[in-house]
Amino acid sequence: MDQVKRIFGTLSARQLTTILLVAALVAGGIYEFTQYQREAGFRPLYTTLAPEDAALVVQRLKESGVPYRISTNGTMISVPEDRVAELRLDMAGAGLPKSGRIGFEIFDKTNLGMTDFAEHVNYRRALEGELERSVMALTEVEQARVHISFPQESVFQEARQPAKASVLLRLRGSSQLPESAIPAITHLISSAVEGLAPDAVSVLDMRGNLLSRAKQVNTDSGSSSGTSEAALEYRHSVEQDLTAKLNATLEPLVGSGRFRAAVSADTDLTSGEQSEEHFDPTQSVMVSSQKSEDVSSPSRTAGGIPGTASNLPDPAPAPVTIGGGSSRKTESANYQSSRTVKRTVLPQGGIKRISVSVLIDHEVHFEGSGVQIKRVLNAPPPERLKAIHDLAAAAVGLNSERGDQLIVESLPFESTVNLEPPGAAPAAPEAPLTLVEQLKKNPKMLYGGAGGAAVVLAGLFFLVFKMLKKSPPPPAQVRQPESLPPASGEAAARVGGADSWSPSTLSSGGASALPALAPARIEVLTNQIRETAQKDGEVCAGVLRGWLREEQT
């Protein structure tokens with residue numbers, strides 16, 4: 001203990017501060033490493049648990065005596081890695097977790113006393129639960145909630161309400177749903193609910209962002225603009241498609257980066273039917289024809305005695321009286337002019353008008369050399385611009401009857417105007433970043449440097465401590481050297497007395513007979529020699545002369 005006190009007593013305040021700081025860093029590193037090793041053997045048993053389910057799972061683990069860890073937000077429970085599968089089977093046997101929405105298994109148990117209203121509510125709960133399970137089967141979806149509003153039937157048309165649905169999604173981490181997933185979810189929900197249209201399904205995430213968009217144009221009589229966001233997206237897609245066609249057509253001819261093309265399209269998303277009826281008065285067709293003929297026959301009168309006998313048939317012909325007969329024929333025909341009826345269904349997304357602009361860069365070359373070098377810009381010839389105009393018109397399907405417009409111009413680009421002549425000096429390289437700028441740009445270097453410095457300081461601390469532990473304590477008393485010459489006497493005697501100190505004497509055998517001196521003793525002897533030289537410099541001068549004389553001989 002006294003040795004430790006002496007060691008710390010010889011250290012300065014700065015050294016003590018450094019040692020304490022390194023000791024704190026090493027202790028913190030050891031603690032973190034121990035905690036990491038302790039938690040490394042745990043794996044998640046369940047994630048994204050509801051609070052009530054987490055409480056039941058923790059209670060079950062406490063009863064079983066299984067160690068567990070709960071995350072900060074309380075939604076994840078971790079257990080030892082070798083018991084994850086066993087505990088999941090145990091929890092499933094106990095019916096945990098229970099917070100998942102129930103599906104059609106709600107009807108596994110029959111309840112004869114259930115009312116129609118309760119049965120309708122259970123059916124909606126079961127359908128919502130099944131749809132939630134289907135949506136959560138997507139890779140990017142971590143949790144889903146589905147709410148359905150069934151259609152309300154009524155004898156009055158105004159009182160009827162269509163079916164509607166809303167879907168709330170929680171995505172995994174920073175993942176995002178692909179563009180095709182939103183229409184797929186809306187069609188999945190609408191196909192499972194009778195009378196539900198895909199446009200009546202709203203999909204949003206936990207941040208409140210609406211993911212589904214209306215697919216039809218919202219025409220409002222009180223608003224001057226009837227274009228919805230879907231119409232703007234469709235217009236943008238049409239413009240991108242036409243621009244891509246222009247780039248693919250002109251790039252092999254003009255060159256990459258030597259032109260700029262832009263397309264503006266005016267689209268119409270309204271749909272309907274159009275009927276046309278045309279009559280041709282020069283042509284007529286018989287539509288119907290009717291003929292009738294009336295013929296009157298001669299009259300016959302009966303004769304004889306009135307009674308039964310006279311009305312009976314007589315084998316002999318009875319006398320008849322022939323009167324006059326007549327006939328009449330009628331014929332009618334209906335004619336109608338030729339008529340043509342044309343019915344046209346107008347599709348959605350028609351193009352009303354497009355405007356195309358193409359900008360061509362100038363050609364550049366340099367004349368002269370050295371200081372007299374000059375940049376010369378040449379515009380494309382009119383024949384080349386005419387060919388580009390025709391190609392662009394064919395690529396976008398230009399139709400002058402609907403008012404389409406195409407403009408082709410030639411102007412020098414900024415990069416062409418500022419183009420450096422060949423052989424010019426290259427730009428000066430950027431100055432290297434300083435250490436502070438590098439640390440600001442890459443914080444990981446700062447963390448790594450701090451960790452490396454902590455390790456180096458810890459190694460230095462243990463090395464210094466080991467050296468201090470091995471060094472012996474300083475002696476309490478130091479004897480005066482007996483070989484020092486006396487402080488008084490003749491100078492010649494002093495010089496002569498210094499012969500015994502010559503290097504030859506030390507190198508011949510006297511040095512081997514001397515014991516090895518400790519570093520602390522050497523320091524004490526050095527201080528005594530320095531004091532002696534200050535008191536009597538002639539003695540030291542004589543000793544040095546004797547050593548130099550022996551070196552010369």
Side-chain angles (χ1 to χ4, degrees), residues 179-180 213 215-217 219 224-276 278 340 342-368 373-422 424:
E179 295 182 358
S180 59
R213 295 290 185 268
K215 301 302 180 184
Q216 70 277 1
V217 177
T219 55
S224 60
S225 176
T227 306
S228 65
E229 186 175 356
L232 296 177
E233 292 180 357
Y234 175 75
R235 176 179 177 179
H236 183 63
S237 64
V238 170
E239 293 174 350
Q240 282 188 331
D241 182 50
L242 295 177
T243 304
K245 290 181 179 179
L246 273 177
N247 294 334
T249 304
L250 299 180
E251 186 172 350
L253 177 62
V254 182
S256 178
R258 303 300 307 277
F259 72 97
R260 294 292 184 271
V263 179
S264 176
D266 186 8
T267 58
D268 184 13
L269 292 183
T270 59
S271 61
E273 294 184 1
Q274 182 179 1
S275 298
E276 296 180 1
H278 299 279
T340 302
K342 183 179 180 181
R343 178 173 297 176
T344 305
V345 178
L346 300 178
Q348 229 177 4
I351 298 178
K352 294 182 179 179
R353 182 175 176 269
I354 59 175
S355 299
V356 184
S357 62
V358 180
L359 182 61
I360 308 298
D361 192 10
H362 282 193
E363 299 290 340
V364 60
H365 67 276
F366 295 90
E367 296 179 354
I373 193 170
K374 183 174 64 173
R375 182 186 297 104
V376 179
L377 300 176
N378 297 325
E383 296 80 7
R384 185 177 180 84
L385 294 179
K386 179 65 169 56
I388 294 175
H389 182 280
D390 296 341
L391 287 174
V396 300
L398 199 71
N399 188 359
S400 58
E401 295 181 357
R402 65 185 179 189
D404 295 350
Q405 185 180 12
L406 173 61
I407 299 177
V408 179
E409 290 290 343
S410 176
L411 292 173
F413 289 180
E414 187 70 19
S415 58
T416 303
V417 174
N418 298 328
L419 183 65
E420 293 293 335

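With sequence neighbours excluded, the residues forming a side chain to side chain donor-acceptor pair (under 3.5 Å) with N378 are H365, listed by chain and number. Remark: R353 engages no residue in a salt bridge (Lys or Arg N to Asp or Glu O under 4.0 Å) (not counting sequence neighbours). Residues satisfying the side chain to side chain donor-acceptor pair (under 3.5 Å) test with E363, not counting sequence neighbours, are none.
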Margin query: T340 vs E276, test: side-chain contact (heavy atoms from CB on, under 4.5 Å). Steps then yes/no.
Written below: CA-CA 8 Å; T340 302; E276 296 180 1; over 6 Å; no
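Summarising the geometry of R235 relative to A265, their closest heavy-atom pair is NE-O, 2.6 Å, with the distance given to 0.1 Å. Contact detail for R375 and L419: the closest heavy-atom pair is NH2-O, 2.6 Å. Heavy atoms only, all atoms of each residue included: A392 and L406 are closest at CB-CD2, 4.0 Å.
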Name the atoms and distances for all side-chain donor-acceptor pairs under 3.5 Å in residues 241-251, with sequence neighbours left out.
| from | atom 1 | to | atom 2 | distance (Å) |
| --- | --- | --- | --- | --- |
| T243 | OG1 | E239 | O | 2.7 |
| N247 | ND2 | T243 | O | 3.3 |
| T249 | OG1 | K245 | O | 2.8 |

Would you be so kind as to tabulate the donor-acceptor pairs closer than 3.5 Å made by side chains of residues 407-417, with sequence neighbours excluded?
| from | atom 1 | to | atom 2 | distance (Å) |
| --- | --- | --- | --- | --- |
| S410 | OG | H362 | NE2 | 3.1 |
| E414 | OE2 | N418 | ND2 | 3.0 |
| T416 | OG1 | D361 | OD1 | 3.3 |
| T416 | OG1 | D361 | OD2 | 2.5 |

Ignoring hydrogens and angles, write down the donor-acceptor pairs under 3.5 Å from the side chains of residues 379-386, residues two or more places apart or on other chains.
| from | atom 1 | to | atom 2 | distance (Å) |
| --- | --- | --- | --- | --- |
| R384 | NH2 | L253 | O | 3.1 |
| K386 | NZ | D390 | OD1 | 3.2 |
| K386 | NZ | D390 | OD2 | 2.8 |

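Separating the OG1 atom in T267 from the CG atom in L232 is a distance of 8.5 Å, to the nearest 0.5 Å. Considering OG of S355 and CG of D404, their distance stands at 7.5 Å, rounded to 0.5 Å.
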